[in-house]
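Single-structure report; data block below.
First listed ligand is number 1; within each ligand, the first listed atom is number 1. Both backbone and side-chain heavy atoms feed into the values below; hydrogens, waters and symmetry mates do not.
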Amino acid sequence: MAQLIPVDPFDLIIFGGGGDLAMRKLLPAMYHRDQDGQIPDTSRIIAAGRSEMSRDTYLGTVQEALNNALGKEEIDPTTWQRFSARVNYIDLDALNADSWAALCTLLEGHEHKIRAIYLATPPTLFGPVAQGFQTNGLMTDNMRIVLEKPVGEDYESARAINDAVGACFAENQIFRIDHYLGKETVQNLLALRFANSLFEPLWRREVIDHVQITVAEELGVGNRVDFYDDIGALRDMVQNHLMQLLCLVAMEAPASLDDDAVRDEKLKVLRALRPITAENVKHRTVRAQYRAGAIGGVAVPGYIEELGGESDTETFVALKVDVENWRWSGVPFYLRTGKRMPAKHSEISIQFKPVPHMVFDDAHYDTLPNRLSIMLQPDEGVKLRIMAKEPGPGGFSLLPVSLNLSFEETFGVRYPDAYERLLIETIRGNPALFMRRDEIETAWRFTDGIIAGWKEARQNVETYVAGAWGPHAASSLLDRDGRAWEVGS
Ligand code: BG6
């Protein structure tokens with residue numbers, strides 16, 4: 001396990017403190033950091049929510065949430081005692097000027113500590129909360145504000161939010177979360193590319209045929225359906241998580257890992273994306289929605305049944321994306337994400353070109369091009385497909401085999417949740433793993449183009465049976481180019 005670097009004392013103020021994200025991710029993440037001894041004694045977690053409840057009631061909910069989040073692991077009594085003593089709850093309606101008093105009282109006298117604000121709220125509150133800190137005299141020299149995704153729903157709304165928060169906080173104090181950037185395996189992509197000399201000479205159009213990125217989820221939309229119906233998979237997953245993965249694969253080597261070096265390189269990729277518009281949208285995108293089906297032998301309802309009404313919101317998207325620069329010209333990136341697919345499985349697959357000339361007698365081989373698979377979840381690791389000679393004295397047959405590295409087997413440690421790292425990086429004041437304003441706005445411009453293209457070209461939402469790897473059209477997207485999805489085909 002990498003050595004833990006302690007952080008300075010802090011107050012973490014979570015808006016939306018009673019909500020789903022706080023309970024499922026943020027509080028369990030802080031509990032784990034506390035268990036590992038990374039949280040200094042005087043640090044506090046102040047949860048702010050709109051429900052009126054006592055601290056004890058809130059702690060009861062936190063304990064229940066921890067039990068769910070820890071799964072088989074039991075809550076450690078010593079950690080719980082220490083952790084629960086740090087947690088406070090206040091009811092606060094950010095839009096009501098009179099309701100800030102309790103927070104002001106709690107923060108008085110703690111100005112010397114790091115003050116980190118986490119906005120686990122709808123984006124419409126980001127500006128008003130930032131403003132609330134200013135008008136209530138709660139700004140200190142050492143502050144950061146975290147904006148949970150989505151930052152807006154398109155380029156214009158993202159700009160308005162960025163302007164509103166930017167009027168109170170400097171850009172280097174604003175931490176826009178994309179939790180994929182905190183995942184160990186996503187960071188490992190940086191290690192793989194830039195801590196090994198092996199891959200760089202191969203990481204280019206001359207050698208790579210195409211790249212596939214799949215982020216498949218088994219779960220459906222469930223109780224988020226009302227929120228989700230206004231958003232859809234393109235905004236929920238592609239604009240942020242898949243675009244970030246694409247950037248990490250396609251970007252040039254940064255000069256360092258400091259705040260801006262990586263983000264500058266990612267931005268160049270986003271700016272190099274060939275726009276998808278009404279002219280090419282039908283050829284380059286597939287949008288679909290799940291209907292009733294079965295996953296692992298269990299019947300599951302369709303999206304329409306979950307919603308209880310008609311909708312053409314997509315729960316699946318596949319895209320063919322071009323990065324127009326010297327390194328990637330002519331190398332398509334196929335992106336795919338969907339809910340209610342057969343399994344939770346995220347993988348990046350780098351497909352190399354076939355050998356230029358085959359020297360083996362074609363009666364005895366079935367050769368496949370090399371493939372580097374980077375498994376992000378759930379079985380984190382790296383696999384390289386190579387061709388090998390089949391053992392035996394007669395003839396010369398070739399077989400594909402895998403060099404297989406499983407991180408779990410190699411390191412034998414618990415993989416921390418992305419939020420553990422991201423919260424600690426926030427407290428430390430390191431924005432490198434967060435999205436900068438220009439990145440997020442450029443990504444929105446790209447996805448806005450697709451949404452406008454769908455409307456203009458009247459591209460209907462297709463359907464797929466829950467438990468399938470998407471609609472038939474998603475296979476055709478690659479089929480047309482003489483290729484096939486690696487995962488699930
Ligand atoms: C969130 C999306 O950002 O990411 C969810 O809003 C999605 O719809 C989730 O389920 C997936 O995250 P993970 O870490 O489970 O892959």
Side-chain angles (χ1 to χ4, degrees), residues 16 19-26 28-29 32 68-69 71 118-123 146-154 158 175-189 213-246 248 287-290 295 300 303 306-307 311 313-317 335-348 374-381 407 414-423 433-435 439-440 443-444 447 466 470 487:
D20 184 60
L21 183 76
M23 291 300 161
R24 272 191 316 109
K25 295 288 184 183
L26 306 181
H32 273 122
N68 291 334
Y118 198 115
L119 301 184
T121 64
V146 183
L147 313 185
E148 181 53 47
K149 77 169 260 282
V151 176
E153 52 175 33
D154 55 16
F175 289 60
R176 298 175 191 83
I177 284 246
D178 182 321
H179 77 278
Y180 270 53
L181 294 178
K183 286 183 189 270
E184 286 283 321
T185 36
V186 173
Q187 292 179 20
N188 231 325
L189 191 53
I213 303 179
T214 292
V215 176
E217 294 185 86
E218 195 178 324
L219 290 179
V221 178
N223 56 15
R224 292 169 72 219
V225 70
D226 289 331
F227 154 82
Y228 189 90
D229 201 50
D230 292 333
I231 304 278
L234 186 77
R235 290 186 175 100
D236 186 44
M237 295 295 287
V238 178
Q239 187 272 344
N240 33 75
H241 307 325
L242 275 90
M243 302 279 273
Q244 287 294 322
L245 295 177
L246 164 71
L248 293 176
R287 56 192 299 252
Q289 187 187 82
Y290 59 81
I295 299 183
V300 291
Y303 181 79
E306 286 176 331
L307 182 69
S311 163
T313 297
E314 78 286 348
T315 59
F316 173 98
V317 191
L335 275 48
R336 171 177 66 158
T337 184
K339 297 205 183 278
R340 287 275 193 243
M341 294 178 76
K344 185 171 176 74
H345 187 104
S346 304
E347 180 171 329
I348 298 171
I374 303 157
M375 269 89 62
L376 304 177
Q377 54 190 23
D379 302 314
E380 297 88 354
F407 292 139
R414 175 184 78 87
Y415 263 45
D417 188 77
Y419 282 93
E420 292 182 44
R421 168 171 281 256
L422 294 174
L423 281 163
L433 293 180
F434 297 78
M435 291 187 287
E439 261 183 276
I440 222 164
W444 273 123
T447 46
V487 176

Between ligand 1 and the protein, which N/O pairs fall short of 3.5 Å?
{"from": "ligand 1", "atom 1": "3 (O)", "to": "K149", "atom 2": "NZ", "distance (Å)": "2.7"}
{"from": "ligand 1", "atom 1": "3 (O)", "to": "H241", "atom 2": "NE2", "distance (Å)": "2.7"}
{"from": "ligand 1", "atom 1": "4 (O)", "to": "H241", "atom 2": "NE2", "distance (Å)": "3.4"}
{"from": "ligand 1", "atom 1": "6 (O)", "to": "K149", "atom 2": "NZ", "distance (Å)": "3.0"}
{"from": "ligand 1", "atom 1": "6 (O)", "to": "R224", "atom 2": "NH2", "distance (Å)": "3.0"}
{"from": "ligand 1", "atom 1": "6 (O)", "to": "D236", "atom 2": "OD1", "distance (Å)": "2.6"}
{"from": "ligand 1", "atom 1": "6 (O)", "to": "D236", "atom 2": "OD2", "distance (Å)": "3.4"}
{"from": "ligand 1", "atom 1": "8 (O)", "to": "R224", "atom 2": "NH1", "distance (Å)": "2.8"}
{"from": "ligand 1", "atom 1": "8 (O)", "to": "D236", "atom 2": "OD2", "distance (Å)": "2.6"}
{"from": "ligand 1", "atom 1": "8 (O)", "to": "K339", "atom 2": "NZ", "distance (Å)": "2.8"}
{"from": "ligand 1", "atom 1": "10 (O)", "to": "E217", "atom 2": "OE1", "distance (Å)": "2.5"}
{"from": "ligand 1", "atom 1": "10 (O)", "to": "E217", "atom 2": "OE2", "distance (Å)": "3.4"}
{"from": "ligand 1", "atom 1": "10 (O)", "to": "K339", "atom 2": "NZ", "distance (Å)": "3.2"}
{"from": "ligand 1", "atom 1": "12 (O)", "to": "H179", "atom 2": "NE2", "distance (Å)": "3.1"}
{"from": "ligand 1", "atom 1": "14 (O)", "to": "H179", "atom 2": "NE2", "distance (Å)": "2.8"}
{"from": "ligand 1", "atom 1": "14 (O)", "to": "K183", "atom 2": "NZ", "distance (Å)": "2.6"}
{"from": "ligand 1", "atom 1": "15 (O)", "to": "K344", "atom 2": "NZ", "distance (Å)": "2.6"}
{"from": "ligand 1", "atom 1": "16 (O)", "to": "Y180", "atom 2": "OH", "distance (Å)": "2.5"}
{"from": "ligand 1", "atom 1": "16 (O)", "to": "K344", "atom 2": "NZ", "distance (Å)": "3.3"}
{"from": "ligand 1", "atom 1": "16 (O)", "to": "Q377", "atom 2": "NE2", "distance (Å)": "2.7"}

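A distance of 5.5 Å separates CG in D236 from OH in Y228, rounded to the nearest 0.5 Å.
None of R340, K339, R224 except one satisfies the salt bridge (charged side-chain N to carboxylate O under 4.0 Å, His left out) rule with E306; the exception is R340.
Between K149 and D178 there is no salt bridge, since none of the side-chain N atoms of the basic residue sits less than 4.0 Å from a carboxylate O of the acidic one.
Relative ring orientation between H179 and Y419 is described as parallel, the plane-to-plane angle staying below 30° on a 0-90° scale split at 30° and 60°.
Surrounding CG of N68 are more than 12 heavy atoms belonging to other residues, nucleotides or ligands, all under 6.0 Å away.
Judged by distance alone, the side chains of E347 and Q377 never bring a donor and an acceptor atom under 3.5 Å apart.
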